[in-house]
Each structure stands twice: as C-alpha cells, then as structure tokens.
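Keep in mind that this is a model prediction, so the values were computed, not measured. So you know, we letter chains A, B, ... as the sequences are listed, proteins then strands, and number each from 1.
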Protein chains: 2
Amino acid sequence: MSPLSTKEKIKLAAKKLISELGYKSASVRKIASDVGIRESALYNHYTNKEEIFLDILQDIFASPFSTSTQNVKEDALKGKLFLHRFVTQYKLVSFDKESEILFRILLLEIFSNKGLRERFFEDFHNKNIKVLSEAFFIMMQNNLIRSSDPMTMSYEFISTLFYIRFQITLLRFDSISTTNLSTQFEKHVDFFWEGIKV
Amino acid sequence: MSPLSTKEKIKLAAKKLISELGYKSASVRKIASDVGIRESALYNHYTNKEEIFLDILQDIFASPFSTSTQNVKEDALKGKLFLHRFVTQYKLVSFDKESEILFRILLLEIFSNKGLRERFFEDFHNKNIKVLSEAFFIMMQNNLIRSSDPMTMSYEFISTLFYIRFQITLLRFDSISTTNLSTQFEKHVDFFWEGIKV
DNA sequence: GTCTATATCGCGATAGAC
DNA sequence: GTCTATCGCGATATAGAC
C-alpha cells in the first residue's frame, strides 16, 4: 500500500482515460488534470505522450492475458477438468478490473498499432492454441476424446472464449449486468466436451 | 456505372479514411483532400463531420452484416447443408471489400458510440442467434442432431465465425494472406457438425 | 457549389521562474 | 518537480466573393 509516485499516477490516469476515449482523445491535458498537475509537469516524468502509451503497452502483454501454462502433460489426462480449469483461468482474467482496461485498450488501438496486432496473434492467439493443442493431442492419445485435428479443435475452443470476453467488455463499458455471460463460460465447457468426448 | 455525386464521393472517402484511421483522426481536411475539394465546400453537402459519420452508420447495419434470413423452416431439415450455406454466406460477407471496411469501422468505433454497441448486440448477435436457434431446434425435433439448448448451440456456432472474421479483418489490414483462415470456415462446419450430429 | 480567408479552439510541447 | 506563459499546429466550422 505504498503511495503512488507521480509517474505511477500518470500511468494509471492515462490507462483509464485511454481505455475510455482511445489514445488520440485521451489528451495530455486530461491526463495531467486527472493526476492533479499541469501538463508541463508531466513532461518531467515522460518525454512525450507516446512514451506513456509504450509504457502501458508493456503491461498489456505482461499481464496474464490468457492463462498461465502449468504442467499441461499431466493435467491433460484429466480431460474435461483440464478444460474447466483453463476456462476458469480465462474467466478470472476476463473479469479482472485491470485486465479489462488493458483488453479494452488492445481492442481500441489494435488497428492503429501494428505491433499490437502482431502481439495479439503471437501472445494471445498462438500461445493459447499451442497449449490447448498439446492438451487435446494427449487426450486423443489416451482415448479421452474423439480423434480430430488438435489445432482446429483448439481454434474452435478459444474462439468462443474470445467472443464471450469481447461481449463482457462491451457490456461492462455500459455497466450492464454480465451474469448471463458469466455462466456462458461453463456452458461452453459442457457443450464442447459433449461434442468431443468418446 | 453512373458517376458519383460529390456527396457520394465524400461519403466514400470518409468511409475509407475512418476505416483506416478512426473517426477522430479522419479529419475533414483529409476527407476533402481525397475528394479533391476544399473543406468549406464539403459543408455544402453535410452540415458537420458527425453527419457524415451518421450517414455511414446507416450503411453498417443496412448491409448484410451477417446473413440473409431465408426460409429457415425448410432448410433446417437439410441439417449440415443448412450450416454450410449459413457459413458460406457469412464467409462471403467477411471477404466483401465494402463489408470489410464497415466491419472495421464498427470495431474501431464500438467503444466510442453507444448506439453502435447496442446495434451490435441487436442486429448482429441476437439476429443470428435467433435464426440459428430456430434451425437447431428443428434439427433436434427431427433427430438430426443431439438434444441440447438451441441458444447455447447457436452461441457456440457464431462465436467462432466472429473470431475468424475478426482475424481476417486484422490480417487484411496488413495485406497478409488469409488463405489459412479462409478454410477455417469449412473446418468449423465440419468440426461442429461432428460434435452435434446423432 | 466551389473558392479564399478567417475565427476559434484544443492539442502536444517548450522556456524559464520558483 | 511544479508552476505560468507561450508557441505552433491542425482541427472544425463560418463568411462572403465568384
């Protein structure tokens, strides 16, 4: 609970404003105003506006954007339980306040920033596909699920997670209840498992 | 092939620029410049910048954003063929140049525009859920697929379509090949059908 | 319906006093 | 490290001549 430095305050205010207005509209003026300092004082902590954004970008992919890779090889043998754990992790991240803000910034700026697009595919998509593919492959070998292409199966699995998260992000932006969507995560695991189990 | 009126040219140029830069950065200056007129001349056709955007918004949901609702009751009896047709339609829209631009504007501005968010849920999501639910329900009644909640099944089905389209939109923005993703549509139908057929 | 010229504003950023 | 003051720019928009 150490008090925030001015630089940390700036980053925090910038995160919030950018996640609500987008980078362009989140002006240095507004950021400084939210922190409670003048614009000129802000330049003692960051050389320019873009530096603040780059600092925030670090957080986006440093955060557990999706899931922590545990020991897949063991857990995959548990079949449906593995998927359930994976989704629980994903769900937690989806509802985490900080992650929500960062996810919104990702969506808001993904067309303005090529690096963001690339890292979306690498860190977000491919990483998840890799973990899931490995797990599904093991499940197939152990005859827990029907034989199929593990990559396709993984793609099908995470696409729904992304869509749920996307909708959650939209609804929460308007402070609309997300209880229905919250249960969609479990429905997804159940439905998906019914379709692949042997 | 009738020549475009100045107003149509403005709308076209604005669409392109907004889909690339976002509303805020697509300045009246740039729009007018692309059309080949001065900014002041533009105001003879639209009262202000927002009017142009509102005009474009009409197109977003007027366009076949998803699919045309045919006679579901008959077609649903065809089982997998129905899904295949549905996805083919979705795929066509995803790769249509005009629809691609409008979809990108939707994604770019969805957090800046509450109406856009609402219509996303209504016109885009709910409409598709409704059509699919009806079809899945009929398939269940006719014992073509396993019994389950039609709404959940529909949600699972379209979430993947959305994710594919999202990725296509990202890749095409960087002029990256989308042949892999293109086949993902068919893989989706095949995989999904395997999981629900009786 | 287009032009030139101009008004007004908010933006990012800097200089220099304290 | 913060302040006041200011600069230069690009934005939306308007007035009025042609």
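Scored by the side chain to side chain contact (heavy atoms under 4.5 Å, CB included) test, D174(A) finds I176(A), K114(B), R117(B) as partners (sequence neighbours excluded).
In this model, the phosphate group of dT12(D) is not approached by any side-chain N or O of R29(B) to a distance below 4.0 Å at OP1 or OP2.
With hydrogens and angles disregarded, no donor-acceptor distance shorter than 3.5 Å links the side chain of T178(A) to the backbone of L181(A). Listed for the N128(A) side chain is a donor-acceptor partner under 3.5 Å among the backbone atoms of F124(A).
Put simply, CG on L54(B) and NZ on K49(B) are 12.5 Å apart, with the number rounded to the nearest 0.5 Å.
Rounded to a whole Å, the CD1 atom of I31(B) is 17 Å from the P atom of dG10(D). Residue Y43(A) contributes atom OH, which lies 13 Å from atom C1' of dC7(D) at whole-angstrom precision. Whole-Å rounding puts the E8(A) CD to dG1(D) P distance at 13 Å. Atom-to-atom, CZ of R38(B) to C1' of dC3(C) comes out at 8 Å; the value is rounded to the nearest Å. In this structure, CD of E39(A) is placed 8 Å from P of dG12(C), rounded to the nearest angstrom. The separation between L42(A) atom CG and dA15(C) atom C1' is 17 Å, rounded to whole Å.
The listed nucleotides are dG10(C), dT4(D), dA11(D); the one nearest the side chain of K30(B) is dA11(D). In the set dT4(D), dC3(C), dG12(C), the nucleotide with an atom closest to the side chain of S40(B) is dC3(C). For H45(A), taking side-chain heavy atoms from C-beta onward, the closest of the listed nucleotides dG1(D), dT14(C), dT14(D) is dG1(D). Ranking dC3(C), dC3(D), dT12(D) by closeness to the A41(B) side chain, first place goes to dC3(C).
Annotation: side chain to side chain donor-acceptor pair (under 3.5 Å) contacts involving residues 129-147 of chain B, sequence neighbours excluded, comprise S133(B)-S154(B). Applying the salt bridge (charged side-chain N to carboxylate O under 4.0 Å, His left out) test to every pair with at least one member in residues 189-198 of chain A, sequence neighbours left out, gives these pairs: K80(A)-D190(A), E194(A)-K197(A).
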Any chance you could lay out the side-chain hydrogen bond (donor to acceptor under 3.5 Å, both in side chains) test for Y43(A) and E51(A), step after step, and finish with the verdict? CA-CA 10 Å; Y43(A) 288 92; E51(A) 280 291 307; over 6 Å; no
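Under a 4.0 Å N-O distance rule, the pair K91(B)/E186(B) qualifies as a salt bridge.
Across residues 20-28 of chain B, S27(B), V28(B) each have a non-hydrogen atom less than 4.0 Å from an atom of DNA chain D (numbered order). A heavy-atom distance below 4.0 Å to DNA chain D is reached by these residues of residues 46-57 of chain B, ordered by number: N48(B), K49(B).
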Taking only distance into account, with no hydrogens and no angle test, what donor-acceptor pairs under 3.5 Å do side-chain atoms of residues 32-40 of chain A form with protein atoms, sequence neighbours excluded?
none

